[in-house]
Amino acid sequence: MPSRDERRCHYDTFVAHVRSLCHTPRIRSLLEDGRGRPPTECPRMDAYLVKPCQGFGARRAHYTTASLIALERPVPDWTEQAPSVPLPHPAPENPAQREPAPPDRWARRPNLGQTLAHAARAHPHTAAGWQREVEVMGVLSTNLLHTRLPHTVQRLLSLGLACDVAVLLEDLAQWDFEPLEVAARWRHSFYLTVPDTLLEL
């Protein structure tokens, strides 16, 4: 079983791989069509995703993440930068040689809750809606969460914001086993980032 650092290295490598695929419009469209759907309903995605997912489980988390990446225009990367400073980052030639992100650096990368909070801060009139979003997500089943995420991510993208999808992939992989912990992490990041004056308390 891969260690936490090996999984995180894999998540970054997987995201870089999918972003490279998305440079081909036909493949990007195919991946985008899988949004909100289980892998069993997306057989055409298998040719591009089965090998990159091999050995890491969480197949639906990987397929959902790939479909979310395909929504991005242009394709950003938060591996080394804060969310407000997108930086293109090509896939490494040999993914096995890629160093895992140090734990402290990974912990500083934004999760979904923090990204929703950035939307609330940037557009205060929408803060109450983003607060309800992070609260509702915390009580959803796996199926409903994966179905809802494309709409949420599309709204963020329309505001010029994008999730750190490698971190989101880790959270989705964990959701099947510890949904309450992941949901709490998203809520805590949201409330720690948004001023009380914008919250419905």
A.B. asks: Tell me, please, which residues at least two apart from R155 pass side chain to side chain contact (heavy atoms under 4.5 Å, CB included).
C.D. replies: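 Partners of R155 under the side chain to side chain contact (heavy atoms under 4.5 Å, CB included) test: W130, E133, H151.
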A.B. asks: So, the side chain of E72 versus the backbone of L157: is there a donor-acceptor pair under 3.5 Å, distance only?
C.D. replies: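 It does not hold such a pair.
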A.B. asks: Between H62 and H10, is the ring pair (Phe, Tyr, Trp, His ring centres under 6.0 Å) condition met? List the steps.
C.D. replies: CA-CA 11 Å; H62 284 82; H10 160 74; 5.0 Å; yes
A.B. asks: Step by step, work out the side-chain contact (heavy atoms from CB on, under 4.5 Å) result for L49 and F14.
C.D. replies: CA-CA 9 Å; L49 302 182; F14 177 81; 4.0 Å; yes
A.B. asks: Taking side-chain hydrogen bond (donor to acceptor under 3.5 Å, both in side chains) as the definition, give me every residue that meets it alongside T24, ordered by chain and number, with sequence neighbours left out.
C.D. replies: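 side-chain hydrogen bond (donor to acceptor under 3.5 Å, both in side chains) list for T24, sorted by chain: empty.
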A.B. asks: Tell me the closest heavy-atom pair linking L159 and A119, and the distance in Å.
C.D. replies: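 Nearest pair, atom of L159 first, then A119: CD1-CB, 4.1 Å.
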A.B. asks: With a 4.5 Å cut-off on side-chain heavy atoms, are N143 and R60 touching?
C.D. replies: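 R60 reaches N143 side chain to side chain.
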A.B. asks: Can a donor-acceptor pair be found, under 3.5 Å and without considering hydrogens, that links the side chain of S20 to the backbone of H17?
C.D. replies: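 Yes, the answer is positive, given that a donor and an acceptor are paired below the 3.5 Å cut-off.
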A.B. asks: Quick one: does P195's side chain get under 4.5 Å of L198's, heavy atoms only?
C.D. replies: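 The answer is yes, as the side chains (C-beta and beyond) meet within the 4.5 Å cut-off.
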A.B. asks: How far apart are the closest heavy atoms of T115 and A162, and which atoms are they?
C.D. replies: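 Shortest heavy-atom contact: CG2-O, 3.9 Å.
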A.B. asks: Side chains of E6 and R4, heavy atoms from C-beta outward: is any pair under 4.5 Å?
C.D. replies: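 They are not in contact (no side-chain heavy atoms under 4.5 Å apart), so the answer is no.
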A.B. asks: Which pairs with one or both residues in residues 44-56 pass side chain to side chain donor-acceptor pair (under 3.5 Å), sequence neighbours excluded?
C.D. replies: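 Qualifying pairs, neighbours excluded: R26-Y48, D46-R59, D46-Y63.
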A.B. asks: Find out whether S67 and L31 are in side-chain contact, i.e. whether some heavy atom of one side chain is under 4.5 Å from a heavy atom of the other.
C.D. replies: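 No, their side chains stay 4.5 Å or more apart.
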A.B. asks: Determine the minimum heavy-atom distance between G113 and V134, stating which atoms define it.
C.D. replies: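 Smallest interatomic distance, heavy atoms only, reads CA-CG2, 4.4 Å.
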A.B. asks: Please determine whether salt bridge (charged side-chain N to carboxylate O under 4.0 Å, His left out) holds for the pair R28 and E32, giving the CA-CA distance in whole Å, both sets of side-chain angles, and the decisive distance to 0.1 Å.
C.D. replies: CA-CA 6 Å; R28 184 178 66 192; E32 187 177 339; 5.2 Å; no
A.B. asks: For the residue pair V194 and A117, what are the closest heavy atoms and their distance?
C.D. replies: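 What the structure gives for the nearest pair is CG2-CB, 3.4 Å.
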A.B. asks: Okay, side chain of S29, backbone of P25: is any donor-acceptor separation there less than 3.5 Å?
C.D. replies: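 No: the side chain of S29 does not pair with the backbone of P25.
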A.B. asks: Please confirm whether the backbone N or O of P150 pairs with a side-chain atom of R35, one donor and one acceptor, at under 3.5 Å?
C.D. replies: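 A pair under 3.5 Å: no.
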A.B. asks: Which of these, L21, V153, V165, sits in a side-chain contact (heavy atoms from CB on, under 4.5 Å) with I69?
C.D. replies: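 Exactly one option meets the side-chain contact (heavy atoms from CB on, under 4.5 Å) with I69, and it is V165.
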A.B. asks: Go through it in stages, so that I can follow the logic: the residues are D33 and C42, the test is side-chain contact (heavy atoms from CB on, under 4.5 Å), and I'd like the CA-CA distance, side-chain angles, deciding distance and then a yes or no.
C.D. replies: CA-CA 8 Å; D33 285 344; C42 309; over 6 Å; no
A.B. asks: Looking at every non-hydrogen atom in both residues, tell me the closest pair between L172 and A61 and how far apart they are.
C.D. replies: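 Shortest heavy-atom contact: CB-CB, 3.6 Å.
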A.B. asks: Grab the two heavy atoms, one from R109 and one from A166, that are nearest each other, plus how far apart they are.
C.D. replies: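 Minimum heavy-atom contact is NH2-CB, 3.5 Å.
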A.B. asks: Are any of the side-chain heavy atoms of T64 and L145 separated by less than 4.5 Å?
C.D. replies: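 Heavy-atom side-chain distance check fails, nothing below 4.5 Å.
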